Amino acid sequence: MDWDNFARLGAEIAEWGANYHRGIGERPVRAPLEPGAVRARFPQSPPETGEGLDGILAEIDEKIMPGLTHWQHPRFFAYFPGNATPPSMLADFVASIMAQQCMLWQTSPAGTEVETLMLDWLRQGLGLPEGFQGVIQDSASSATLAAVLTMRERALKWAGNAAGLTGQARLRIYASDEVHTSVDRAIWIAGIGGDNLVRIPTRGPLRAMDPVALRAAIRADREAGYLPAGLVACTGGTGTGACDDLRDVLAVARDEALYSHVDAAWAGAAMICPEFRTLWAGIEAADSLVLNPHKWMGVQFDFSAHYLRDPKDLVKTLAISPEYLRTHGKGGFVNYSEWSVPLGRRFRAMKLWFVLKAYGLEGLRAVIRDHVAWSQQLAEVLRADGRFEIVTEPVLSLFTVKLAGADDAAMLAYVNRINDDGRIYVTQGRTKGQIVVRFQVGSFAATEADVILAGEVMKSLAG
Ligand code: PLP
């Protein structure tokens with residue numbers, strides 16, 4: 001492809017993309033098709049000779065579009081959102097054109113320095129203390145893995161990477177049942193073993209880890225010969241938005257010399273609004289925390305912001321410097337590949353720059369505040385209807401609800417009726433042992449009317 005064709009097709013793609021988004025609300029949110037249907041539309045072997053890209057947009061419309069679940073749809077109320085605002089799409093395009101590989105400062109001084117600055121802008125927006133330093137990870141799962149590896153190495157006095165875990169004391173990590181499964185995975189991958197993830201009971205309306213039980217578990221483990229290594233707390237757990245009381249549990253971690261990590265993958269974005277920061281009061285004592293601007297801040301996937309109170313332990317765990325990666329003689333810079341599991345990294349900071357420049361913190365706050373208010377209004381509408389039971393009250397914009405008296409089979413059928421209808425998309429969850437509708441407002445395209453319509457759909461299909 002020559003650059004004239006690139007420019008022509010690039011402009012056509014921008015026009016096609018704008019049209020897709022202008023009409024996205026008319027489409028069913030979730031792809032109504034059977035597994036294998038998308039693949040069947042393609043030739044099953046690759047072209048021997050290049051065909052060029054003429055007609056590619058028509059082919060996308062025919063083959064790909066019917067197979068999309070529309071994450072940017074205004075009535076996407078499932079999972080957590082994966083917002084991609086127009087500025088972040090353009091930024092990703094720009095980053096793709098520059099095609100940087102930002103593993104070292106030397107391999108992309110601009111990529112590195114803009115990453116440092118953007119994460120500092122975001123730190124200020126979140127109200128985190130000066131001194132916290134950030135790095136962009138591809139996902140919250142990667143940030144949590146990096147934190148768990150740090151817990152392991154710190155507890156083993158840095159012997160694990162070199163000698164492996166054979167013959168070492170059995171490590172223990174502590175978390176509640178409300179944390180995301182990425183914590184379990186991190187513990188498997190780190191070789192610590194899922195049996196050594198100690199689940200601490202929760203209490204209170206926010207389903208927060210009991211700090212007394214946490215301390216007791218750590219002490220009992222020490223007496224039994226285990227080696228307590230770390231604590232993973234959550235602000236805005238996936239199922240119901242559970243929030244640990246960070247002041248309490250991080251104090252226990254500090255007293256017991258455990259490395260602490262806070263998963264705020266979804267709720268962290270809301271902390272740009274000062275009024276929501278009570279949900280993570282005490283965060284300044286965390287060793288490590290992660291939030292996903294790719295969820296609720298409009299920054300196109302992939303973009304997880306991982307903050308460290310002091311990156312020293314993380315870098316000591318992950319840095320590996322063969323001769324060809326050394327950048328002799330250049331002091332005063334960061335090589336971010338030493339802060340993450342993958343070596344290679346894209347110029348992801350471009351996306352946060354575009355989004356902050358386009359909306360400003362105040363523009364982003366307005367979106368999040370609306371979502372929280374509309375979600376809380378909907379919970380009240382459903383409560384007032386009389387046929388629904390709010391199982392967990394809204395935490396920010398997430399609540400769970402069920403049809404009063406319905407058993408699990410009836411609830412699963414209800415969720416399927418809602419999603420087959422196509423006007424809205426929700427996910428089911430299991431809360432307090434029962435199947436519930438898990439409802440969150442988070443799409444940047446959503447309006448109040450979309451949330452009101454969601455209530456009407458839920459009521460009309462309640463049976
Ligand atoms: N933590 C929480 C609380 C989540 O809700 C999720 C995903 O929804 C994750 C972690 C994993 O996020 P990622 O896909 O960025 O790994």
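All ligand and atom numbering here is 1-based and tracks the order in the structure. Everything quoted here is computed from the prediction, not taken from an experiment.
Among all non-hydrogen protein atoms, the one lying nearest atom 7 (C) of ligand 1 is Lys295 NZ, 3.2 Å. The protein atom (non-hydrogen) at minimum distance from atom 16 (O) of ligand 1 is Ser141 OG, 2.5 Å. The protein heavy atom nearest to atom 1 (N) of ligand 1 is Asp263 OD2, 2.6 Å. Counting only heavy atoms of the protein, atom 11 (C) of ligand 1 lies nearest to His180 CE1, 3.4 Å.
Here Tyr20 and His70 bring their ring centres to under 6.0 angstrom of each other. Under the 6.0 Å cut-off for aromatic ring centres, Phe439 and Phe77 qualify, their centroids lying closer than that. Taking the ring centroids of Phe303 and His294, they lie at or beyond the 6.0 Å cut-off.
Under the 6.0 Å distance and 45° angle rule, Arg172 counts as a cation-pi partner of Tyr226.
Residue-level proximity to ligand 1 for Ser182 is carried by the side chain, the only part with a heavy atom below 4.0 angstrom. Using a 4.0 Å cut-off between heavy atoms, Thr144 makes no contact with ligand 1 at all.
With atom 3 (C) of ligand 1 as the reference point, the heavy atom nearest to it among Thr238, Val179, Thr181 is part of Thr238.
Listed here is the closest heavy atom pair of Thr240 and Val395: O-CG2, 3.7 Å.
The distance from the CG atom of Asp184 to the CD1 atom of Ile192 is 12.0 Å, given to the nearest 0.5 Å.
Any N or O atom pair closer than 3.5 Å counts here, and Ala140 shares at least one such pair with ligand 1.
Ligand 1 places these atoms under 4.0 Å from at least one heavy atom of Phe80: 5 (O), 8 (O). Listed by atom number, the atoms of ligand 1 under 4.0 Å from His294 heavy atoms are 15 (O). Listed by atom number, the atoms of ligand 1 under 4.0 Å from Asn292 heavy atoms are 12 (O), 13 (P), 15 (O).
With Met297 as reference, Leu291 is the one residue of Leu291, Asn292, Val367, Leu356 to meet the side-chain contact (heavy atoms from CB on, under 4.5 Å) rule.
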Next item on the list: Test Met103 against Leu343 for side-chain contact (heavy atoms from CB on, under 4.5 Å), laying out the working first.
Entry: CA-CA 6 Å; Met103 60 184 176; Leu343 175 68; 3.8 Å; yes
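Ligand 1 is never approached by Trp266 to a heavy-atom distance shorter than 4.0 Å.
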